[in-house]
Amino acid sequence: MLLNEETEQQGRINDHNRMTEEYIMSVLSEVNDPEIPVLNIVEMGIVRSVRIQHQRVTIRITPTYSGCPAMNVIENDIHKTLSEKGIETFDVVTDFSETWTTDWMTSEARQKLKEYGIAPPGKSETDHDFLTGLKNSQKIVPCPWCDSLETFLQSEFGSTACKSQHYCNGCDQPFEHFKCI
Amino acid sequence: MSTFDTLPQNRDQALTEILLRLADDRLILGHRLSEWAGHAPELEEDLALANIALDMIGHASALYTYAAKINGLKEEDWHAYFRDDIDFKNAAITELPNGDFAYSIARLFLFSVWSYLLYRELTKTITDIQLKGMLTKHMKEIKYHLRHSREWVIRLGDGTKESHNRVQNALDDLWMYTGELFQSDPIEQACTEFQLFTDVSGLKAEWADIVTGTLDEATLTLPVDEQFMFSGSRSGRHTEHLGWLLAEMQFLRRSHPEADWI
């Protein structure tokens, strides 16, 4: 479910003392992106806010790519992880009012991506240079394995919606790049 | 039930109308593109077209879900699976069969330029915060679709004699379906008064600029604009092709309307 589909789980919060917004956020950082399992949904910037009002938790998330099939899995994983911690009174709200951008990824997340073999996103481009500026095939993406700049774009579309395919002439390895949006 | 013949009387009706027009374009073209999966001329392009299809169906899904919420429907799927062709509001260019690779690329390019310009206007004018957020998000992906299809039009046009002829024929055949993209109707005008849409005829000049520039670069000839233009699909008067597409797309869900994922 993509929009404001507030899934309600009735129940009682077991331990009131633990129920701070920071605690919930730390629990959510145990939920990993199913397609890039080295990253969690907090450092990805998917979790936008956690609010506790009248002992009810509201978690606001925003999708990365519109058609990303991982979003449903992520929502289910949030439910599972919170339930395992005994947190049962919460809503997960998908909010479109903010637009996800790779600029929200933390520097730790970028480093983890690189170590995992995915070239991290650069800074997202401005609106007008996408068509008239540099062709995407002319942008230089450093190889995550050997840091060579002798790489080329194989395809703007990769194994998932968020990645493009590249090849490194330095180490003769293919690699993926997290697209900047 | 057909819903196209009444003007929206309030903001919710106008919003529903716009959500369905935008979503139907994306669902139908997304479905067409998905037909390429496993058939594209090379693996990278197979992935690319499947990715673009996924984006478009994702856009449609978000828009349908919002429409369902406004209208108190349980789920977005109803819009995709339980309406007949006469109730679909997509432009005819999105429903035409894929043809060859050049045809599909040319169609994606012509549509993406229009889509890019429309979304750019809508993200400026729409005040509804959720819809505006969705469109801003979709816009980022539409730019990828536009860039990808534009680069392919240039590669094919400026490629071999065979690829040049194929993409030129595709553009010539598709041209009569571009007219209605810029035809405003009373429903859209009513929606514009609710600050939910824009006058599409205002997009034509810049669309023509981008298309002309690209075709020049691709050594292709711009088709003649003074020709018969198909129209009426926004009001449910589609080509024969939409019915066939829906028959395939909707069959399973209509045969098992109560089926659920478990």
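Lettering follows sequence order; numbering is per chain, from 1.
- Look at Glu17(B) and Arg21(B) and you find a salt bridge, because one of the NZ, NE, NH1 or NH2 atoms lies within 4.0 Å of a carboxylate O, short of that distance.
- A salt bridge links Asp24(B) to Arg83(B): one of the charged nitrogens lies within less than 4.0 Å of a carboxylate oxygen.
- Ranking Glu44(B), His59(B), Lys137(B) against chain A, the residue ahead of the rest is Lys137(B), based on heavy-atom pairs under 4.5 Å.
- Contact check on Arg147(B) versus Glu156(A) returns a salt bridge, with a Lys/Arg side-chain nitrogen under 4.0 Å from an Asp/Glu carboxylate oxygen.
- For a residue to count as touching a neighbouring chain, one of its non-hydrogen atoms must lie under 4.5 Å from one of that chain's; by this rule Ile57(B) does not touch chain A.
- Contacts of Thr160(A) with chain B are made by backbone atoms alone, with heavy-atom separations under 4.5 Å and no side-chain atom involved.
- Residue contact with chain A, scored on non-hydrogen atoms closer than 4.5 Å, is absent for Lys132(B).
- Heavy atoms of Gln165(A) lying under 4.5 Å from chain B belong exclusively to its side chain.
- Note on Leu131(B), Asn51(B), Leu47(B): by heavy-atom pairs under 4.5 Å with chain A, the leading option is Asn51(B).
- Taking the charged nitrogens against the carboxylate oxygens, Arg48(A) and Asp95(A) have no contact shorter than 4.0 Å, which rules out a salt bridge.
- A donor-acceptor contact shorter than 3.5 Å links the side chain of Asn71(B) to the backbone of Ala67(B).
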